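In what follows, a single structure is set out as structure tokens and then discussed.
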Protein chains: 2
Amino acid sequence: MSKELSERKKKILHSLVDLYIATGQPVSSADLQSKYLPEVSSATIRAELSALEALGYIEQPHTSAGRIPLKEAYKFYVDSIDGSNACNMLTDQETAFIRNNFFNRLGQIEDLSKEAARIISDVTNYTSFVVDQSQDGDVTIDEIKLIPLKRGKAVVLIVTDKGMIADKAIDVKEDVKPEYIETAGRVLNKVFAGKTIEDIKDFDLKEIDNEIKGFKDIFDEVLGILRMYISEHSSDNVFVEGALKMLDYPEYQNIDDAKQFLSVISDKDAVSEIILSEDNSIEFTVRIGKEDSGVDKCAIITAAYKVGDEVQGKAGVIGPERMDYKKVISVLDYVKKMFSTVLGGTKSLNPFDDEE
Amino acid sequence: MSKELSERKKKILHSLVDLYIATGQPVSSADLQSKYLPEVSSATIRAELSALEALGYIEQPHTSAGRIPLKEAYKFYVDSIDGSNACNMLTDQETAFIRNNFFNRLGQIEDLSKEAARIISDVTNYTSFVVDQSQDGDVTIDEIKLIPLKRGKAVVLIVTDKGMIADKAIDVKEDVKPEYIETAGRVLNKVFAGKTIEDIKDFDLKEIDNEIKGFKDIFDEVLGILRMYISEHSSDNVFVEGALKMLDYPEYQNIDDAKQFLSVISDKDAVSEIILSEDNSIEFTVRIGKEDSGVDKCAIITAAYKVGDEVQGKAGVIGPERMDYKKVISVLDYVKKMFSTVLGGTKSLNPFDDEE
DNA sequence: TTTTAGCACTCTTTTGCCCTGACTGCTAAC
DNA sequence: GTTAGCAGTCAGGGCAAAAGAGTGCTAAAA
């Protein structure tokens, strides 16, 4: 599979994928000849196609049909454009569209990710996703506030370096002695401040028995809130847009396949798993036909966006194998730049990141 | 259309819909005769069917086919079961399932609605929805807290009688004089406490110019948060479950119809509009083939659940016209009861509702 | 040795046709 | 008013022929 192809074979293979992406139909030798290689005859191309078929790049659906690309062919095709310079397929309108929408909304990182997913999906017309990893793992609790309200209630406010958790009121059984609440707040702070979310996961109550004493009930509630937060928000950073667009492509005209696709794509955990299983260190990954994920028959292109050297998240597109790779890569590349500008620039989107 | 049908016509029509719901195939006179009306001949039934066709209840897909029900027939069918006593189609397992799941999770009303939607969809195998109206309109602001944090930030905490809004931190431009924040908090409370969300919508800053003075920036932020909340959370009370289940039914094997359905059903505003356009005062509504909503070809059954006389929300099912109406109505009825029990019972789910 | 033209061959897709099965509507008798 | 019987209609399946699309092979040309 690795032996170097002749220039002509390369050209033929590339052309074939191009045509197939454009039409979705098996490509015949005559098509290739007339549209890409008028200098040789179709018979010659046939001979080359035979060779390429033997090498495992392409196949015929049946004897009297043209050829369609196999995964190897797509990989070859993608390699040939990935590093290349020909990677600005975007029209001025498109870049303007991206740019405008990107700076349109200023909000938290969630908004931005969601917006980015929408833009990508709109421009490419494929299903897109964005996974925000900037908050993964190292969320540290800054400060816990216990705020008394009217009617014997209190609110727990948990401030982290990345944002804030405010939860439902908790009951304060005692008849609301302000000092009690205040002391409880102080103890909570003492115990939790500086801890990370990871630390909380396997937090053992017994460790700090001596300090809690009368605050055990409040303490339990806070721990419950934190744990609830962790479990509920684990998939909050996954955004999928344009899931229904896949149904426009002939590959997904079969209702069962469509249903299968939609059920995978609307499960954020599944999406997250698919995306994050990619190598973090690579800027672009293209995976064609991932088995055992429920979305075989698909190609997935992912781009990692970074600030400095740190990966902040991933954005990508999922579409049919026969996909406009050039355009998708162009769009993702552009969005990557936007992300870097916005996130790395002077204007932080996260109100808790400003200083230090 | 209104003239009273003969008893035999009624029986035939009802049987026909029954059979059609069960099989999905056009129903022939022989089928009806052998399964429902052995006392008369198929020829007689044919004559009756002819008459029913003339009356607009049924039609033939083509001359040599059986009859299929039209909307009028479904309406007739539904009327005949709605008020009837035969409305407990549920097996013991099913009621147990509903019961268990209902009391399984205790949380806020959001959780409950979502859970209810899931249960309904699971038991009926149709797409379900729940719209929670309990928080509509009359949400009153109880109290506003302005809480200073470290690093020149503060949090606005808005407590309403129905819950809480906690938003991102706001910047406090001045070098954090605690008294400043405290005073600001007091002013905010004075202005907003007791107001409803509706009041805020068309709130005019100028009204209270004299009091704000130096707090204008904070004031603006709070107002912004409130408005944002109103717009963002307007569709938070719509829950749809099992949208993909519709794709299992032969009516939606066509990919375009499926796409159309999914795009409507995943737009919460659209769903909300469809549901809430129903008459509030009726316990059950059944609408078959609503035009101009994007979900024609569907039947929608809605039940309003109440506490006392007050409608708390609506739950329902959307499925093909050929739907197991009896079962759906049974399920909705049961869930309605569950809702009333839980919401009206001693145990309030909303932590802010306890007293008074 | 490589390329090309030409032709036979293969396989899918479309078309037309006929036949069967499933109903109905009509009519004449009960 | 009801029924049995029969003729008529139409969709759908099966089958065969025809059309179309491409290839592989071979022999000749470059």
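Treat the numbers as computed from the prediction; the structure is a model and nothing was measured. Lettering of chains follows the sequences in order, A, B, ..., and the numbering in each one begins at 1.
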Pairing residues for B:Arg118 by the salt bridge (charged side-chain N to carboxylate O under 4.0 Å, His left out) criterion, not counting sequence neighbours: B:Glu115, B:Asp122

Pair B:Arg67 + B:Glu59, salt bridge at N-O below 4.0 Å: no

By ring pair (Phe, Tyr, Trp, His ring centres under 6.0 Å) - contacts of B:Tyr20 (at least two apart): none

All side chain to side chain donor-acceptor pair (under 3.5 Å) counterparts of B:Lys10, not counting sequence neighbours: B:Glu4

Integer-rounded Å distance: D:dG1 P and B:Arg8 CZ: 10 Å

Residues from residues 25-47 of chain B lying under 4.0 Å of DNA chain C - heavy atoms: B:Ser28, B:Ser29, B:Arg46

Partners passing salt bridge (charged side-chain N to carboxylate O under 4.0 Å, His left out) against B:Arg322 (at least two apart in sequence or in another chain): B:Glu251

Interatomic distance where NE2 belongs to A:His62 and C1' belongs to D:dG22 [whole Å]: 9 Å

Which residues share a salt bridge (charged side-chain N to carboxylate O under 4.0 Å, His left out) with B:Asp267, sequence neighbours left out: none

Nucleotide D:dT23, atom C1' - distance to CG of A:Leu49 in whole Å: 10 Å

Nearest-angstrom distance from the residue atom CD1 of B:Ile12 to C1' of D:dT2: 13 Å

Residues which pass ring pair (Phe, Tyr, Trp, His ring centres under 6.0 Å) with A:Tyr126, listed by chain and number, not counting sequence neighbours: A:Tyr249

Partners meeting ring pair (Phe, Tyr, Trp, His ring centres under 6.0 Å) with A:Tyr36 (sequence neighbours left out): none

Exceeds 12 heavy-atom contacts within 6.0 angstrom, atom CD of B:Glu273: no

N/O (side chain, A:Arg67) to phosphate O (OP1/OP2, D:dA21) under 4.0 Å: no

Segment of DNA chain C, first to last nucleotide, that comes within the 4.0 Å heavy-atom reach of chain B: C:dA22 to C:dG25

Per-nucleotide protein contact string for nucleotides 12-20 of chain D, where B marks a base within reach and S marks sugar-phosphate only (heavy atoms under 4.0 Å, - for neither): ---------

Pairing residues for B:Phe76 by the ring pair (Phe, Tyr, Trp, His ring centres under 6.0 Å) criterion, not counting sequence neighbours: none

Contacts of type salt bridge (charged side-chain N to carboxylate O under 4.0 Å, His left out), residue A:Glu48, not counting sequence neighbours: A:Arg8, A:Lys9

